[in-house]
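Protein chains get the first letters and strands the later ones, always in sequence-line order, with residue 1 at the start of each.
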Amino acid sequence: MKVESVRGMRDILPEEVPLWQKLEEEIRSLFALYGYKEIRPPLVELAELFSRSVGEATDIVHKEMYVFPDKKGQMLALRPEATASVVRAYIEHGLYAKGDLAKLYYIGPMFRYEKPQKGRQRQFHQYGVEALGSLDPALDAEVIDLAWHLMERVGLSREGLFLRLNSIGCREDRPAYRAALRAHFSGRKEELCPDCQRRLQENPLRILDCKEPQCQGAIAAAPKSLDFLCEKCRAHFEELLAILEDLGLSYELDPRLVRGIDYYTRTVFELCSRELGAQDALLGGGRYDDLVELLGGPPTPGVGFAGGMERLVLVLSQHGLSQDEASELDLFVIPIGEEGKRRAVGILAQLRRRGISADLDYMGRSLRKAMSVAARRARYALLLGPDELSQNSATLKNLVTGVSSTAPLAEFLSNPRSFLGSTGT
RNA sequence: GGGAGCGUAGCUCAGCCUGGGAGAGCACCGCGCUGUGGACGCGGGGGUCGCGGGUUCAAGUCCCGUCGCUCCUCCCA
């Protein structure tokens, strides 16, 4: 039986990797520029961490999380997102005790048991930042600025993107708003889809997120969270908008934006592409001022976002900003005959120890064919045949100019770089 | 979770409607050119036709099931 990869889990092949590496480098360097430090939490956590933070009733936990018992029967989960893990680590290692804002970032695989399609895999990759310890709206703005900046940095234009923004208030505002939503939707319960009828009890906010046509009428007429903000939340949001305008960052207020995770408070946002179709959210985030306390730490506000690598790769390859040519070798060694082959192995080892990137034809190809491969992969070819070896020399061919020359082997090996032109790495 | 389309060589695909030789282009290998690349010509290797079952004298082709991918919906990154 042929073994294949698991549904929703895919290989990132060598030809795609350069683009991934480039993006990862851009992300790391930009996060560092804003003062964020990398943290690498484990991929496996207690399942309870996510059910308590992300929310038992959310789709992510309720139907998408990989949960399994370990050999002691402890319920574990493959992380469906990383904010909960980062906050857990923040509490567990007392990072709050340093008395400063903790600015952390991560990048790595996440797991959600969903129906795979373009831009959505079961193992996917997210990068994200978390800033823990300040309630300053300027920090919300910094995080949003970072999100925009990152998109510019990887080469996406502002015109192809838009920011959806909303405030859903703090935990004091929530009961009144939730009651208002419940009252509103209860009156129109018959219009709602089955999912929303369930959400009416569990979490009426999520109804706003529903895309079912039959629900749209009731949703459009629903009360808006912005009308239920307390004085502090209102001031916070207004300050944020003012800063965004100062920074020249555009946004679209979206009273329906609530996001699918329970821990959010106040600011929520998504940065979306106009070019991606159904899966258009490139990154999403917001404030989570109660999460640290909820997970057993001291009351500590936080704000952050997470973005999907696969979607970034998708948009960028649509723009043709994809990978560079495969990096070329300095040298390709072509042996002729048994003696040449035997000598080639040793010469190759010496060259590599001198920092020359080099490879050898292991395929037993004809000289003609080997030369053709060499031309594709390397800047120079080194020929080792009976003629050369009888004089302890080697033929070096510049594959760009086509010029060949012969040099004593000892001389070549003592300072190979002087024979290989200036562009050597 | 619901709906639709598609799985044939490493890749892109034709063949399926109207059942009977498994094919093309690219890639790969060899030769022309006995030790020198990109061109050209000739030749060659490579396929459980996704998998399982059914109909039939005969199935890549028709039918059913299943797995996978893609798209829409849903959800989200």
A/Ile336 vs A/Arg112, nearer the 5' end of RNA chain B by closest nucleotide: A/Ile336
Steps toward side chain to side chain contact (heavy atoms under 4.5 Å, CB included) verdict (A/Leu283, A/Gln126): CA-CA 9 Å; A/Leu283 58 86; A/Gln126 284 190 329; over 6 Å; no
Exercise: do A/Ser29 and A/Arg153 side chains pair donor with acceptor under 3.5 Å: yes
A/Arg352 bridged to A/Asp359 by N-O distance under 4.0 Å: yes
Rounded distance [0.5 Å steps], NZ in A/Lys369 versus CD1 in A/Ile334: 12.0 Å
Sugar-phosphate, base or nothing in reach of A/Arg199, heavy atoms under 4.0 Å: sugar-phosphate
Pair partner, B/U70 [Watson-Crick or wobble, under 3.5 Å]: B/A4
Same-atom distance (C1') from B/C62 to B/G15, integer angstrom: 15 Å
Separation of the C1' atoms in B/G21 and B/G65, to the nearest angstrom: 30 Å
Distance under 6.0 Å and angle within 45° of ring axis: A/Arg122 vs A/Phe111: no
B/G32 and B/U36, which share atom name P, separated by this distance in whole Å: 11 Å
A/Arg343 and A/Glu388 ion-paired at < 4.0 Å: no
Mate of B/A24 where both pairing distances stay under 3.5 Å, Watson-Crick or G-U: B/U12
Gap between atoms CG and P, on A/Leu78 and B/A77 respectively (whole Å): 17 Å
Rounded interatomic separation in angstrom, taking CZ from A/Arg311 and C1' from B/C76: 6 Å
Separation of atom CD in A/Gln214 from atom P in B/C74, rounded to whole Å: 11 Å
Side chain to side chain contact (heavy atoms under 4.5 Å, CB included) assessment of A/Ser167 paired with A/His236: CA-CA 9 Å; A/Ser167 174; A/His236 181 98; over 6 Å; no
Sugar-phosphate only, base, or nothing, as touched by A/Ala306 at under 4.0 Å among non-hydrogen atoms: sugar-phosphate
Integer angstrom distance from the C1' of B/A27 to that of B/G10: 7 Å
Touch class at under 4.0 angstrom, heavy-atom based, for A/Glu64 against every strand present: sugar-phosphate
P-based separation of B/A9 from B/C49 [nearest Å]: 10 Å
Note: A/Glu293-A/Arg171 ion pair, threshold 4.0 Å (strictly below): yes
Pair A/Tyr36 + A/Tyr105: ring centers closer than 6.0 Å: no
Phosphate OP1/OP2 of B/G1: any A/Arg198 side-chain N/O under 4.0 Å: no
Touch class at under 4.0 angstrom, heavy-atom based, for A/Leu312 against every strand present: nothing
Residue-level proximity of residues 380-408 of chain A to RNA chain B when a heavy atom falls under 4.0 Å: A/Leu383, A/Gly385, A/Pro386, A/Asp387, A/Glu388, A/Thr395, A/Lys397, A/Asn398, A/Leu399, A/Gly402
Between B/C75 (P) and A/Leu257 (CG): distance, integer Å: 13 Å
Integer-rounded Å distance: B/C76 C1' and A/His62 NE2: 16 Å
If you restrict it to nitrogen or oxygen atoms, what contacts under 3.5 Å exist between nucleotides 67-71 of chain B and the protein, and what is each distance?
residue : atom : partner  : partner atom : Å
B/C69   : OP1  : A/Gly8   : N            : 3.1
B/C69   : OP2  : A/Arg7   : NH1          : 2.6
B/U70   : OP1  : A/Arg10  : NH1          : 3.4
B/C71   : OP1  : A/Lys118 : NZ           : 3.4
B/C71   : OP2  : A/Lys118 : N            : 2.3

Residue pair A/Asp330 / A/Ser357, side-chain donor-acceptor N/O under 3.5 Å: yes
Aromatic plane relationship, A/Trp20 with A/His125 - under 30° parallel, 30 to 60° tilted, over 60° perpendicular: perpendicular
For atom CG of A/Leu283 and atom P of B/C76, their distance in whole Å: 16 Å
Base partner of B/C51, which must satisfy Watson-Crick or wobble distances under 3.5 Å: B/G65
B/C71 versus B/A24 - spacing of their C1' atoms, nearest Å: 28 Å
Distance, rounded to the nearest Å, where A/Asp59 contributes CG and B/C75 contributes P: 7 Å
Nearest-Å distance once atom P is located in both B/A59 and B/G52: 14 Å
Separation of the P atoms in B/G68 and B/C17, to the nearest angstrom: 28 Å
Sugar-phosphate or base contact per nucleotide [nucleotides 27-32 of chain B; S, B, -; heavy atom under 4.0 Å]: -SSSS-
Mutual orientation of the aromatic rings belonging to A/Tyr127 and A/Phe31 [parallel < 30°, tilted 30-60°, perpendicular > 60°]: tilted
Note: A/Arg79-A/Glu45 ion pair, threshold 4.0 Å (strictly below): no
Nearest-Å distance for atom pair CG/C1', residues A/Leu316 and B/A77: 15 Å
Pair partner, B/G38 [Watson-Crick or wobble, under 3.5 Å]: none
Check ion pair A/Glu339-A/Arg342 (N to O, under 4.0 angstrom): yes
